[in-house]
Amino acid sequence: LAKSEGPGAMRMFDLAEQAREQERLTFSRHLRQAIERNEIHPHYQPLFRADGAIAGFEALARWKDPVRGIVAPASFIPAAEEGGLIAKLDAYVLRSACIEAARWTQPLRISVNISALEFQSGDLPGRVAAVLAETGLDPERLELEITEGVMVTDADRAMATFGKLRALGVRIALDDFGTGYSSLSYLHRFPLTTLKIDRSFIAKLGVTLESVAITRAVIQLGHALGIEVVAEGVETPEQLDFLIQEGCDLTQGFLLGRPLDASAYAHVTGA
Ligand code: C2E
Ligand code: MG
Ligand code: MG
Ligand code: MG
């Protein structure tokens, strides 16, 4: 097409491509600055027990850029991974979240997302131990959320990391369960403490019979293996009723509480 329209069309295409590349570079530069200046902070979303009590919070990174406004993690986490910035970002969110949780007068759990890249490289257990020592947080109150890819890529290495983290007393949750490639055999070979059913299944409860069957089966599977089960993305009372009826241990979602600045939950945390 470009050929038949002559060299002019070709140049237009190059310019548009160039502009996009320029935009990507600017975005990466701003992201790097924001991470280096610690301008990306965690917000906190509550997790609830079946009796309605808050069990803890998940720390979710929020980037407030002066020009772009609030940037969603979906756009900056992949960019941080590509730009080699994720280790610094995750370390900052982990430390901030532990400092915050150590201030709470209630012994609530704090869950922190760890990038698969970060999990597979570097000394994660060593850095987690250092943060626990620095903040004085009870290790049993800390849960690290990882995704299925972690176990598939390098199972031996992942197993060693799991072992060291569990030896510290830290909990490990498998996030977005059902969306990855992991085989059932990973579930009992790795010392997981929590399974988080991906919100795509929760969203389809009451819409497709398959999602009802899958959600029910995952809850039973988790319990058969002695693993706690969490449902994420709960948006309707019907979804919540179903999950509680099926024995799902914890629920999380916009119906129950949004990710907000820590101060918004001070009445719950006691901080
Ligand atoms: P995730 O760990 O699965 O986190 C849950 C996501 O679902 C969050 O999106 C949360 O705001 C959203 N959510 C919670 N309840 C509902 C609901 O009822 N409905 C809908 N539609 N969404 C709900 P968020 O904050 O945009 O984060 C997206 C993803 O980015 C996270 O998914 C996590 O994988 C990643 N992420 C966030 N913070 C960090 C971080 O500090 N480090 C790393 N490595 N990844 C992070
Ligand atoms: Mg998560
Ligand atoms: Mg998730
Ligand atoms: Mg998710």
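We count ligands from 1, going down the list as the structure has it; atoms in each ligand are counted the same way.
- By the 4.0 Å N-to-carboxylate-O rule, Glu39 lies too far from Lys64 to be salt-bridged with it.
- At a heavy-atom distance under 4.0 Å, atoms from both the backbone and the side chain of Asn113 approach ligand 1.
- Closest to the Mg ion (ligand 3) among the N, O or S atoms of Glu232 is OE1.
- Note on Arg127 versus Glu118: salt bridge recorded, some NZ/NE/NH1/NH2 to OD/OE distance being below 4.0 Å.
- Within the listing of ligand 1, atoms 41 (O) sit less than 4.0 angstrom from a heavy atom of Val93.
- Of all N/O/S atoms in Glu145, OE1 sits nearest the Mg ion (ligand 2).
- In this structure, Asp154 does not pair ionically with Arg157, as no charged nitrogen and carboxylate oxygen lie closer than 4.0 Å.
- Glu228 and Arg171 are joined by a salt bridge, as a carboxylate oxygen and a charged side-chain nitrogen come within less than 4.0 angstrom of each other.
- Contact annotation for Ser115 and ligand 1: heavy atoms of both the backbone and the side chain come within less than 4.0 Å of the ligand.
- Ion pairing of Glu235 with Arg199 is absent here, as no side-chain N (NZ or NE/NH1/NH2) approaches a carboxylate O to less than 4.0 Å.
- Its N, O or S atom nearest to the Mg ion (ligand 2) is what matters here, and for Glu58 that atom is OE2.
- Ligand 1 places these atoms under 4.0 Å from at least one heavy atom of Gly253: 15 (N), 18 (O).
- With 2.8 Å as the limit, Asp176 counts as an N, O or S neighbour of the Mg ion (ligand 3).
- Listed by number with element, the atoms of ligand 1 under 4.0 angstrom from any heavy atom of Asp175 are 1 (P), 2 (O), 3 (O).
- In this pair, Tyr44 and Phe57 present their aromatic rings perpendicular. The plane angle is above 60°, beyond the 30 to 60° band.
- Where the criterion is an N or O separation shorter than 3.5 Å, residue side chain and backbone included, Gln252 fails it with respect to ligand 1.
- Ligand 1 has no nitrogen or oxygen under 3.5 angstrom from a nitrogen or oxygen of Leu60.
- Restricting Asp175 to its N, O or S atoms, the one at the least distance from the Mg ion (ligand 3) is OD1.
- Shown in contact with Glu235 at under 4.0 Å from a heavy atom are these atoms of ligand 1, numbered in order with element: 17 (C), 18 (O), 19 (N), 20 (C), 21 (N).
- Of the candidates Thr179, Ile146, Asp90, Asp90 brings a heavy atom nearest to atom 43 (C) of ligand 1.
- Panel note: side chain Gln239, backbone Thr236; a donor-acceptor pair is recorded below 3.5 Å.
- Salt-bridge formation is not detected for the pair Arg20/Glu23: no Lys NZ or Arg NE/NH1/NH2 atom is positioned less than 4.0 Å from an Asp or Glu carboxylate oxygen.
- Within ligand 1, the atoms closer than 4.0 Å to a non-hydrogen atom of Asp176 are 3 (O), numbered from 1 in the order shown.
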